[in-house]
Asker: 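Shown below is the structure under consideration.
Keep in mind that what you see is a predicted model, and the values were worked out from it rather than measured. When a residue number appears, it is its place in the shown sequence, counting from 1.
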Amino acid sequence: MTIPPFEDRAPADDRITAYDERHFVTYLRILDAAQEGADWTDVAALVFGLDAAAEPERAQQVHDSHLARARWMTERGYKHLLDKSRER
């Protein structure tokens with residue numbers, strides 16, 4: 001599965017961004033992996049195509065920031081989606 005281009009850090013906005021919208025599936029994959037107890041280095045490789053042995057700091061930053069954003073989506077971000085759907 002190919003993911004859209006990604007930044008080293010996921011957004012930290014208090015609203016859902018276009019980046020978030022492009023990465024909904026990415027966030028779901030990361031959340032699923034975390035729930036299953038997958039090793040972050042495996043997730044970085046499978047989801048982002050990053051080699052944690054070659055780029056440990058970058059791989060962990062990418063993984064951790066996207067996992068944090070995915071969790072934010074489940075805790076707060078989804079409310080913005082609901083608001084958006086009501087506006088239509």
Side-chain angles (χ1 to χ4, degrees):
M1 169 180 261
T2 304
I3 68 163
F6 61 89
E7 299 293 327
D8 284 0
R9 290 191 186 274
D13 301 51
D14 63 352
R15 303 286 295 173
I16 292 176
T17 67
Y19 183 92
D20 293 321
E21 291 174 353
R22 288 190 304 273
H23 285 277
F24 283 151
V25 172
T26 305
Y27 295 155
L28 291 173
R29 292 179 71 199
I30 294 169
L31 286 169
D32 284 345
Q35 180 67 30
E36 293 174 7
D39 184 277
W40 74 267
T41 59
D42 294 334
V43 177
L46 292 170
V47 175
F48 297 102
L50 297 173
D51 180 354
E55 297 181 282
E57 291 176 15
R58 178 176 181 233
Q60 186 154 25
Q61 176 179 286
V62 170
H63 171 270
D64 292 354
S65 73
H66 284 79
L67 178 58
R69 188 62 173 184
R71 289 182 172 147
W72 175 85
M73 293 289 292
T74 66
E75 296 163 2
R76 293 198 179 127
Y78 75 92
K79 295 175 187 175
H80 300 287
L81 288 176
L82 295 174
D83 292 343
K84 213 175 194 183
S85 70
R86 290 183 195 127
E87 293 172 2
R88 294 178 186 190

Asker: Identify the two heavy atoms, one from A52 and one from A59, that lie closest to each other, and give their separation to 0.1 Å.
Answerer: CA-CB, 3.8 Å
Asker: Test: side-chain hydrogen bond (donor to acceptor under 3.5 Å, both in side chains). Region: residues 40-52. Which pairs qualify, not counting sequence neighbours?
Answerer: D39-T41
Asker: Check the surroundings of atom CZ in R76: do more than 12 heavy atoms from other residues, nucleotides or ligands lie under 6.0 Å from it?
Answerer: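 Check fails, neighbour count at 12 or below.
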Asker: Can you name the nearest heavy-atom pair linking Y27 to D20, along with the distance?
Answerer: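 For Y27 versus D20, the nearest heavy atoms are OH-OD1, 2.6 Å.
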Asker: Has H23 got a side-chain atom pairing as donor or acceptor with A70's backbone, closer than 3.5 angstrom?
Answerer: no
Asker: How far does CE of M73 sit from CG of L28, to the nearest 0.5 angstrom?
Answerer: 8.5 Å
Asker: Locate the shortest heavy-atom distance separating V43 from A33; write the atom from each residue and the value.
Answerer: CG2-CB, 3.5 Å
Asker: Which heavy atom of D8 sits nearest to which heavy atom of Q61, and what is that distance?
Answerer: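 Residues D8 and Q61, closest heavy atoms: CB-NE2, 3.3 Å.
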Asker: Give the minimum heavy-atom separation between R69 and I16, together with the two atoms involved.
Answerer: NH2-CA, 4.3 Å
Asker: Can you find a pair of side-chain heavy atoms, one from D13 and one from Y19, that are under 4.5 Å apart?
Answerer: no
Asker: Do the non-hydrogen side-chain atoms of R71 and L67 ever get within less than 4.5 Å of each other?
Answerer: yes
Asker: If hydrophobic clusters are built by linking Ile, Leu, Val, Met, Phe, Trp and Tyr wherever their side-chain heavy atoms come under 4.5 Å apart, do F24 and W72 end up in the same one?
Answerer: yes
Asker: With a 4.5 Å heavy-atom cut-off, do V62 and R9 have their side chains touching?
Answerer: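 No; the side chains remain at least 4.5 Å from each other.
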Asker: Does any part of the side chain of H66, heavy atoms only, come nearer than 4.5 Å to the side chain of F48, both counted from C-beta?
Answerer: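 Touching, per the 4.5 Å side-chain cut-off.
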